[in-house]
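Here is the structure we will look at, set down as structure tokens.
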Amino acid sequence: MSDEQIPVLRDVDQGTAKLMPDVDRERAWLLTVDGAPQSYVDLDAPEHLEFEYVRRLAHVLDCAAEPGAALDLLHLGGGALTLPRYAAAVRPGSRQTVVEFDARLVELVAEHLPLAAGSDVTVHAADARAWLEAAPAASVDVLVADVFGGSRVPAQLTSAQYAEQAARVLRPGGLYAANLADGAPFGFLKAQLANFGAVFGELALIAEPGVLRGRRFGNAVLLASDAPLPLAALARRCAADAFPARVESGEALARFTRGARPVADADAVASPEPPAGAFSLG
């Protein structure tokens with residue numbers, strides 16, 4: 001670790017942010033907010049992804065089009081821009097828009113973790129739902145949602161109307177991917193699947209078997225599209241990870257979701273509070 005790699009502590013809009021250097025990687029950093037891990041970035045190796053759910057989102061990007069093909073990407077939620085950096089590295093020429101609510105966090109990341117030269121990534125400090133509603137129709141190939149206010153997905157991003165806006169902004173054949181978190185009995189996750197199932201023809205869910213079986217609270221990646229999803233390719237990649245995940249779809253996912261109904265804006269709630277220690281550095 002160089003002399004310049006010292007922890008950075010700063011108050012941001014959503015709490016207290018801390019950038020901590022990784023002693024094993026020369027220009028790698030962990031971002032936490034109020035102690036909860038938010039992002040891990042290696043400035044010299046943007047393809048290196050530490051968080052398992054980020055690896056699954058990266059698998060989605062890898063399977064969204066032919067290898068290396070440029071895409072128009074919209075990221076709701078930015079953190080330290082781990083996934084935009086990855087996409088810029090593996091899909092050069094992609095145009096990327098990032099919407100991050102926390103303006104002071106945007107400033108912190110720009111100051112200490114600058115994007116690589118040539119990365120066509122534009123970052124906006126704005127509300128994700130408001131930005132989505134103002135975005136042009138059929139303007140992006142992939143929409144990635146990874147928005148957490150603290151440790152919970154805000155209510156304005158959990159309704160059927162939000163799902164309709166996501167569908168409006170995607171091009172035909174476009175792909176929606178969201179990082180969510182829940183545990184048994186999965187009331188929140190099932191409602192999200194119902195929201196997107198009412199709008200999109202194809203759905204899938206990626207999660208570790210232990211999470212899907214209700215053994216613990218954890219992350220799940222929801223996928224939606226109006227075109228067939230690359231399920232086989234995703235399943236191979238997710239199964240080969242250090243912490244393997246399953247890709248659920250079709251009848252198995254229909255059984256999981258059975259009985260759930262779409263949630264209107266007026267009834268939408270934030271995702272559940274994680275159990276103590278669920279996402280801490282412990």
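One-based numbering along the sequence shown.
- Among Leu157, Asn179, Val99, the single residue meeting the side chain to side chain contact (heavy atoms under 4.5 Å, CB included) criterion with Val147 is Leu157.
- Side-chain contact between Val90 and Leu61 is absent, with no heavy-atom pair separated by less than 4.5 Å.
- In this structure, Asp72 and Arg171 have side chains that are in contact, with non-hydrogen atoms separated by less than 4.5 Å.
- A salt bridge between Arg258 and Glu251 is present, with a side-chain N of the basic residue lying under 4.0 Å from a carboxylate O of the acidic one.
- Using a 4.5 Å heavy-atom cutoff, the side chains of Leu132 and Leu74 are in contact.
- Using a 4.5 Å heavy-atom cutoff, the side chains of His59 and Val221 are not in contact.
- Formation of a donor-acceptor pair under 3.5 Å by the Glu100 side chain with backbone atoms of Gly79 is found in this model.
- For Glu107, the side-chain contact (heavy atoms from CB on, under 4.5 Å) partners at least two apart in sequence or on another chain are Arg104.
- The distance from atom CG of Leu105 to atom OG of Ser39, rounded to the nearest 0.5 Å, is 7.5 Å.
- Ion pairing between Glu133 and Arg129 holds under the 4.0 Å rule for side-chain N and carboxylate O.
- Taking the side chain as every heavy atom from C-beta outward, Phe148 and Val153 approach each other to under 4.5 Å.
- Side chain of Asp42 to backbone of Ala28: no donor-acceptor contact under 3.5 angstrom is found.
- When each of Arg216, Arg215, Arg213 is tested with Glu208 by the rule side chain to side chain donor-acceptor pair (under 3.5 Å), just one qualifies, namely Arg216.
- The closest donor-acceptor contact from the side chain of Asp141 to the backbone of Leu71 lies at 3.5 Å or more, if one exists at all.
- Note: Phe51 and Tyr40 have tilted aromatic rings, judged against thresholds of 30 and 60 degrees for the angle between ring planes.
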> Run the side chain to side chain contact (heavy atoms under 4.5 Å, CB included) check on Asp120 and Gln96 step by step: do they pass?
Replying inline: CA-CA 6 Å; Asp120 191 356; Gln96 302 191 72; over 6 Å; no
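- Not a single donor-acceptor pair under 3.5 Å links the side chain of Thr16 to the backbone N or O of Asp34.
- Using the six-membered ring where Trp is involved, Phe186 and Phe256 have ring planes that are tilted, between 30° and 60° apart.
- One finds no salt bridge joining Arg25 and Glu50 here, because no Lys/Arg side-chain nitrogen approaches an Asp/Glu carboxylate oxygen to under 4.0 Å.
- Side-chain contact between Tyr176 and Leu222: present, with at least one pair of heavy atoms (C-beta onward) separated by less than 4.5 Å.
- Side-chain N or O atoms of Asp241 include none that pairs as donor or acceptor with a backbone N or O of Phe243 at under 3.5 Å.
- Considering only heavy atoms from C-beta on, Ser271 stays 4.5 Å or farther from Thr158 through its side chain.
- Taking the side chain as every heavy atom from C-beta outward, Glu47 and Tyr86 approach each other to under 4.5 Å.
- Annotation: the span from Gln165 atom CD to Gln161 atom CD amounts to 9.0 Å, rounded to 0.5 Å.
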